[in-house]
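Predicted, not measured: the structure shown is a model, and the values here were computed from it. A note on names: the letters A, B, ... follow the listed sequences, proteins ahead of strands, and every chain is numbered from 1.
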Number of protein chains: 2
Amino acid sequence: MTNTTDDSDLVLLLRRHRVQVTAQRLAIMRAVSSRPHATADELADDVRAVIGSISRQAVYDTLGLLVDKHLVRRIQPPGSAARFEDRVDDNHHHLICRTCGSTVDIDCAVGAVPCLTAHDDHGFEIDEAEVVYWGRCPACRAATPEPASQRPASERPASERHMSERLAHAKEQQ
Amino acid sequence: MTNTTDDSDLVLLLRRHRVQVTAQRLAIMRAVSSRPHATADELADDVRAVIGSISRQAVYDTLGLLVDKHLVRRIQPPGSAARFEDRVDDNHHHLICRTCGSTVDIDCAVGAVPCLTAHDDHGFEIDEAEVVYWGRCPACRAATPEPASQRPASERPASERHMSERLAHAKEQQ
DNA sequence: CCCGTAATCTGGACATTGTCCAGTATTGGA
DNA sequence: TCCAATACTGGACAATGTCCAGATTACGGG
């Protein structure tokens with residue numbers, strides 16, 4: 001539980017990837033491991049609690065470097081700052097609560113590297129597929145059984161597509 | 001091509017959804033339709049070109065309202081501002097170029113509502129799955145055949161998982 | 001057709017997340 | 001141990017949103 005304990009593994013890992021070893025980097029790596037899905041800001045706080053202080057720039061630089069080296073994965077949930085985690089290259093996805101923003105890992109539904117097989121790649125060279133599941137976590141469901149923002153299904157027919165398509169319906173119905 | 005032409009369809013659509021009709025809202029809806037994947041800022045510019053001026057707040061308010069009403073879909077690519085589009089409820093996904101950020105629609109690979117079937121929902125009530133494919137568009141591929149940022153596959157074995165797992169390898173190999 | 005109220009829009013301040021830059025400190029090899 | 005390359009610091013800046021109070025507009029009822 002001491003601050004400088006047992007960095008030898010991390011040091012070796014960094015060296016193996018030709019990355020200079022600094023106290024800031026070690027602290028950031030430990031922070032990412034110990035608190036998955038944390039934002040850069042949260043990680044900075046964690047690091048400060050351990051090594052005293054760190055500049056915002058060092059946090060961003062290091063996280064960017066680790067992401068480049070595939071030692072850390074960056075996930076960017078809509079409406080929130082980027083988050084970072086330990087697990088890389090295993091094609092898991094994320095489940096985010098619309099109400100409280102909590103994030104959990106979720107294994108891929110389809111198989112090994114599923115979503116990489118797009119229907120039509122438009123000439124793109126696709127190297128990754130990112131999947132975010134949206135919903136409400138157990139705690140938030142308990143707190144508010146039926147959210148008011150949800151309109152009844154009757155108000156949004158499944159046939160709705162383009163605005164232009166819906167316009168036809170509007171004409172008919174009014 | 002005149003500004004006030006043919007709003008009756010949009011007016012009916014808004015009324016059908018119990019939304020007050022304003023010049024700003026009509027202009028924003030037309031802007032979203034005519035330029036898919038535009039950011040709020042770009043849409044504001046488009047609107048200003050048509051009705052003269054609009055406040056930033058009105059743009060955000062209106063887009064938020066339309067998203068709530070499921071008349072517009074908000075997509076939030078990592079590293080970029082939110083973008084808005086016309087197509088809703090048809091479960092298509094997005095393909096984004098890592099180099100230039102261009103975004104194209106892409107039909108779902110798996111079928112109707114595929115990714116909604118998560119392996120383990122952790123007690124969440126899931127209502128949407130968002131998929132982003134990352135890659136490089138044809139233009140950017142042509143411009144830079146082999147990006148320098150890509151390390152050879154030999155440097156990142158498929159077996160890489162957690163940092164902690166990789167640590168074992170580090171020990172063995174060094 | 002006019003009025004009043006509720007909803008909307010405006011414009012400025014502020015918050016968050018991230019980048020840029022110049023100068024200083026640290027790392028790691030010679 | 002010393003040096004050059006690399007990394008870190010701290011302040012300024014940029015982009016994207018949100019908050020708020022007051023002015024304006026929409027639209028249902030008289």
Side-chain angles (χ1 to χ4, degrees), chain A residues 4 7-8 10-29 31 37-45 47-48 50-69 71-72 74-84 101 174, chain B residues 4 7-8 10-29 31 37-45 47-48 50-69 71-72 74-84 101 174:
Chain A
T4 51
D7 285 342
S8 55
L10 289 174
V11 170
L12 291 176
L13 179 60
L14 288 178
R15 285 211 212 283
R16 203 157 57 94
H17 286 267
R18 321 285 140 95
V19 173
Q20 269 198 13
V21 176
T22 69
Q24 290 86 347
R25 285 174 180 173
L26 293 174
I28 288 172
M29 291 178 83
H37 311 135
T39 64
D41 212 46
E42 292 165 344
L43 293 170
D45 285 344
V47 168
R48 289 194 189 100
V50 175
I51 65 170
S53 77
I54 191 172
S55 69
R56 200 159 37 135
Q57 195 56 46
V59 175
Y60 281 108
D61 283 352
T62 298
L63 288 172
L65 178 68
L66 295 176
V67 168
D68 275 357
K69 297 292 184 182
L71 297 177
V72 162
R74 171 191 281 126
I75 52 185
Q76 265 175 276
S80 135
R83 292 164 183 277
F84 299 87
Q174 189 44 274
Chain B
T4 53
D7 284 343
S8 55
L10 289 174
V11 170
L12 292 176
L13 179 60
L14 287 178
R15 286 210 212 283
R16 205 156 59 92
H17 286 268
R18 319 286 141 97
V19 173
Q20 269 200 16
V21 176
T22 70
Q24 289 86 347
R25 285 175 180 173
L26 293 174
I28 287 172
M29 290 179 83
H37 309 135
T39 64
D41 212 47
E42 292 165 344
L43 292 171
D45 286 343
V47 167
R48 287 194 190 100
V50 174
I51 66 170
S53 77
I54 191 171
S55 69
R56 199 159 38 136
Q57 195 56 47
V59 174
Y60 281 109
D61 284 352
T62 298
L63 288 172
L65 178 67
L66 295 176
V67 168
D68 274 357
K69 297 292 183 182
L71 297 177
V72 161
R74 171 191 281 126
I75 52 185
Q76 267 177 272
S80 136
R83 292 165 182 276
F84 298 88
Q174 188 46 273

5' to 3', nucleotides 8-14 of chain D under a 4.0 Å protein heavy-atom cut-off (B base, S sugar-phosphate only, - none) gives SBB-B--
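- Taking atom CG of residue A:Asp45 and atom P of nucleotide C:dT16, one finds them 12 Å apart after rounding to whole Å.
- Screening A:Met29, A:Arg25, A:Arg15 for a side-chain contact (heavy atoms from CB on, under 4.5 Å) with A:Leu10, the sole residue that qualifies is A:Met29.
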request  = Could you give me the CA-CA distance, side-chain angles and deciding distance for A:Asp45 and A:Arg48, then say whether side chain to side chain contact (heavy atoms under 4.5 Å, CB included) is met?
outcome  = CA-CA 5 Å; A:Asp45 285 344; A:Arg48 289 194 189 100; 3.4 Å; yes
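- The nearest whole Å value for the distance from the CD atom in A:Glu42 to the P atom in C:dG18 is 11 Å.
- A straight line from CZ of B:Arg74 to C1' of D:dT16 spans 12 Å, rounded to a whole angstrom.
- When the C1' atom of C:dT26 is taken as reference, atom CD1 of A:Ile51 falls 13 Å away, rounded to whole Å.
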Apply the test side chain to side chain contact (heavy atoms under 4.5 Å, CB included) to residues A:Leu14 and A:Leu26: give CA-CA distance (whole Å), side-chain angles for both, the deciding distance (0.1 Å), then the verdict. CA-CA 9 Å; A:Leu14 288 178; A:Leu26 293 174; 4.0 Å; yes
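- Between B:Gln20 and B:Arg83, the residue anchored nearer the 5' end of DNA chain D, judged by the nucleotide with its closest heavy atom, is B:Arg83.
- Taking every heavy atom of both residues into account, A:Ala40 and A:Val59 meet most closely at O-CG1, 3.7 Å.
- A:Asp41 meets the side-chain hydrogen bond (donor to acceptor under 3.5 Å, both in side chains) test with no other residue; sequence neighbours excluded.
- A rotation axis mapping the C1' atoms of four pairs onto the next four is fitted at both ends of the helix from C:dC1-D:dG30 to C:dA30-D:dT1 over five pairs, and the angle between these axes is 30° to 10 degrees.
- The shortest side-chain heavy-atom distance between A:Arg16 and A:Leu13 falls under the 4.5 Å cut-off.
- Taking atom CG on A:Asp41 and atom P on C:dT17, their separation rounds to 6 Å, with Å as the unit.
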Apply side chain to side chain contact (heavy atoms under 4.5 Å, CB included) to B:Ile51 and B:Gln24, showing your working.
CA-CA 8 Å; B:Ile51 66 170; B:Gln24 289 86 347; 4.2 Å; yes
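- Atom-to-atom, CG of B:Leu43 to C1' of D:dG17 comes out at 15 Å; the value is rounded to the nearest Å.
- The two residues A:His37 and A:Arg83 have their closest heavy-atom pair at O-NH1, 2.7 Å.
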_Apply side chain to side chain contact (heavy atoms under 4.5 Å, CB included) to residues B:Ile54 and B:Ile28 and explain how you reach the verdict._
CA-CA 10 Å; B:Ile54 191 171; B:Ile28 287 172; 3.8 Å; yes
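- Separating the CZ atom of A:Arg18 from the P atom of C:dG28 is a distance of 14 Å, rounded to the nearest angstrom.
- When rounded to the nearest whole Å, the span between OH of A:Tyr60 and C1' of C:dT16 equals 8 Å.
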